[in-house]
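In what follows, a structure is listed as C-alpha cells, so that the remarks can point back to it.
Position 1 is the first residue of the sequence, and the numbers go up from there. As the structure lists them, so they are numbered: ligands from 1, and atoms in each ligand from 1.
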Amino acid sequence: MVLNAKNAALLVGVFQQASLVLIIRYSKTRSDKQVYLTSVAVWSAELLKIFLNLILEIIKKRNDSKASNKSINELAENEAKRGIENSNSNTINGIFNTLCTPESFKLILPAFLYVVQNNLLFFALSNLSVPVYQVTNQGKLLTTALISRILLKKKISSMQYVALAMLGGGVALVNLSEDYSSSSPSPLTSKQNGILGLIAVLISCFTSGFAGVYFELVLKGGTTVSVYLRNFHLAFWSLLLATGTIVCYDMAKVKEMGFFQGFDGVVVLVILFQALTGLVVSLMIHFADTILKGFAISVAVVVATVASVFIFDTKIGRLFYTGAAMVAVAIRLYSSNNSSNTK
Ligand code: C5P
C-alpha cells in the first residue's frame with residue numbers, strides 16, 4: 001500500500017474511530033458510570049470543533065503565506081477578489097466574519113441533517129433492540145453509494161454494490177458477535193415501537209448519506225476554501241442547532257442539576273474524541289471520498305473489537321471471524337473493481 005495523503009487519511013481514520021469505539025465502550029462499562037446530558041455533550045463537541053478548526057485554519061494561512069512569500073493580507077485580498085471569503089480572513093475576527101458568506105450558508109443544510117440524524121438514531125435505539133439497530137444502521141453504506149452516484153455522478157459497478165452490501169453484513173456480524181456475548185439483548189417493551197424505530201433508522205441512513213455526500217460536493221466543488229474553514233462553518237451552524245436542542249429538551253434538567261452535570265475525565269475524553277471525529281471524517285472525505293470513509297469506519301469496528309479482547313477481555317466467537325472475513329473480502333472486491341470508480 002502506497003502511503004499517500006488518501007491512504008494516510010484513511011489509516012488515521014481507522015485508528016481514531018477504533019479509539020473512539022474503545023473509549024465509548026469503557027465509558028459505558030465502568031462501574032462509576034456518570035449520568036450526563038447527551039445534548040450538552042454534543043454541544044461541547046461542536047464548540048471544541050470550532051476552536052480546533054479555527055486554530056488549524058490560522059496555522060494553514062500562516063504556512064500558505066510563508067510558502068508563497070506573500071503576506072497574509074495579500075493572500076486574503078486574493079481570496080476576497082475571487083469572492084471566496086470575506087477579506088481579512090487571516091485574523092480570528094476575519095474568520096468569524098466568513099460565517100456571513102454564501103460559502104458558509106451552504107453548510108446549514110448538512111449541519112441540520114446531522115442534528116436530525118443524531119436525534120433519529122437516539123430515537124431508533126430506544127425503539128429497537130441493539131442487534132436490529134446494528135444490522136439496519138449499516139444500510140447507510142448503500143444509501144451513501146446511491147447518493148454519491150446521483151449527486152457526484154460517481155460510477156459504481158454492480159460488483160461494488162455487492163461489496164458494500166457485504167461490508168455492511170460483515171460489520172453487522174462483528175457488532176453482533178459482541179452484543180450477544182457481552183450483554184443479553186434487551187427484550188422489546190410494549191412502549192417501544194419497532195416499525196417507527198425502523199423508519200427512523202431508514203431516514204437516518206439517507207440523512208447520513210446525503211449529509212456526507214453533500215459535504216464532499218461542497219468541499220471539492222471548485223472553490224479553494226480549506227477543509228478547516230468548511231469544518232468551522234459546519235460546527236458553528238451545528239452549535240446553534242445543538243443550543244436549540246438543549247433549550248427545547250433539557251432546559252429543566254440544566255436548571256436543576258447544572259449544565260455540565262455528570263462530567264468527569266472520561267466524559268471529557270469522549271467529547272474530545274467526538275470532536276476529533278469531525279476533523280478526521282472531513283479529512284477522509286477530502287482526500288478519499290464518503291464511500292471510502294464508510295470502509296475505514298467499518299475496519300475500525302473490527303480493529304476495536306480485536307483490541308477489546310486484550311483490553312476488556314471481550315470474548316469473540318464464530319460470528320466475529322465470519323464478519324471480519326466478509327469485511328476483508330468486501331474491501332478486496334470493492335478495490336479490485338475500482339477502475340470504474342472514476343468520473
Ligand atoms: O454516521 P456518519 O458517518 O454519517 O457520521 C458522520 C459524523 O461525522 C457525524 O456525527 C457528523 O457530525 C461528523 N462530521 C463532522 N464534521 C464533518 C463531517 C462529519 O463533525 N466535516
Side-chain angles (χ1 to χ4, degrees), residues 9-10 13-14 16-17 20-21 24 38-39 41-54 56-57 103-104 106-122 124-125 133-134 136-148 164 167-168 171 175 200-220 225-242 245 270-301:
L10 292 171
V14 168
Q16 191 274 336
Q17 285 290 310
L20 177 68
V21 172
I24 289 178
T38 314
S39 57
V42 171
W43 184 90
S44 310
E46 296 305 332
L47 188 67
L48 256 178
K49 282 182 205 172
I50 291 183
F51 281 119
L52 189 66
N53 286 293
L54 188 65
L56 289 169
E57 176 65 8
E103 288 302 323
S104 159
K106 283 181 186 170
L107 292 168
I108 296 177
L109 181 61
F112 173 73
L113 289 175
Y114 278 134
V115 169
V116 171
Q117 179 191 342
N118 289 339
N119 286 299
L120 279 175
L121 290 182
F122 185 74
L125 261 173
Y133 168 81
Q134 296 283 19
T136 48
N137 195 31
Q138 302 312 320
K140 68 182 176 190
L141 291 163
L142 283 173
T143 51
T144 302
L146 275 175
I147 297 169
S148 289
L164 285 164
L167 180 72
V171 180
N175 278 327
V201 178
L202 189 72
I203 298 174
S204 83
C205 285
F206 279 94
T207 53
S208 161
F210 187 82
V213 173
Y214 179 90
F215 187 74
E216 182 175 348
L217 190 71
V218 172
L219 206 55
K220 298 175 177 171
V225 179
S226 82
V227 63
Y228 310 122
L229 194 60
R230 293 289 188 203
N231 282 340
F232 173 79
H233 293 154
L234 183 65
F236 174 81
W237 298 116
S238 303
L239 185 77
L240 280 192
L241 294 164
T245 314
V270 171
I271 291 170
L272 193 70
F273 263 78
Q274 292 279 18
L276 279 178
T277 297
L279 182 64
V280 170
V281 162
S282 67
L283 290 178
M284 286 195 282
I285 295 177
H286 179 58
F287 289 114
D289 63 32
T290 317
I291 300 176
L292 291 177
K293 177 213 84 179
F295 273 88
I297 292 177
S298 304
V299 174
V301 172

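Counting only distance, with no hydrogens or angles, the side chain of S238 and the backbone of L234 share a donor-acceptor pair below 3.5 Å. No side-chain donor-acceptor contact under 3.5 Å links Q274 to the backbone of A41. For S39 (side chain) and T245 (main-chain N/O), no donor-acceptor pair under 3.5 Å exists by modelled atom type. In terms of modelled atom types and a separation under 3.5 Å, the side chain of D289 and the main chain of I285 share no donor-acceptor contact.
In terms of polar-atom proximity, T277 is not counted as a contact of ligand 1, lacking any N or O under 3.5 Å from an N or O of the ligand. Geometrically, ligand 1 and K140 share a nitrogen or oxygen pair separated by less than 3.5 Å.
Taking 4.0 Å as the cut-off, Q117 counts as a neighbour of ligand 1 on heavy-atom distance.
Scanning the protein for heavy atoms near atom 10 (O) of ligand 1, the closest one is N118 OD1, 4.4 Å. Looking only at heavy atoms of the protein, atom 21 (N) of ligand 1 is closest to N231 OD1, 2.8 Å. Protein heavy atom nearest atom 4 (O) of ligand 1, with residue, atom name and distance: S208 OG, 2.7 Å. Among all protein heavy atoms, the one lying closest to atom 3 (O) of ligand 1 is K293 NZ, 2.8 Å.
Note that OH of Y114 and OG of S204 are 12.0 Å apart. Values are rounded to the nearest 0.5 Å.
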Worked check of side chain to side chain contact (heavy atoms under 4.5 Å, CB included) between V301 and S298: CA-CA 5 Å; V301 172; S298 304; 5.7 Å; no

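The pair K293-E216 does not count as a salt bridge, with every side-chain nitrogen at least 4.0 angstrom from each carboxylate oxygen.
Between the choices G278, S282, A111, the shortest heavy-atom distance to atom 15 (C) of ligand 1 belongs to G278. Which of F232, Y114, F210 comes nearest to atom 19 (C) of ligand 1 through a heavy atom is settled by distance: it is Y114. Residue nearest to atom 17 (C) of ligand 1, selected from L141, L234, V281: L234 (by heavy-atom distance).
Residue-level proximity to ligand 1 for K49 is carried by the side chain, the only part with a heavy atom below 4.0 angstrom.
Counting heavy atoms from C-beta outward, T143 and S208 have side chains that stay 4.5 Å or more apart.
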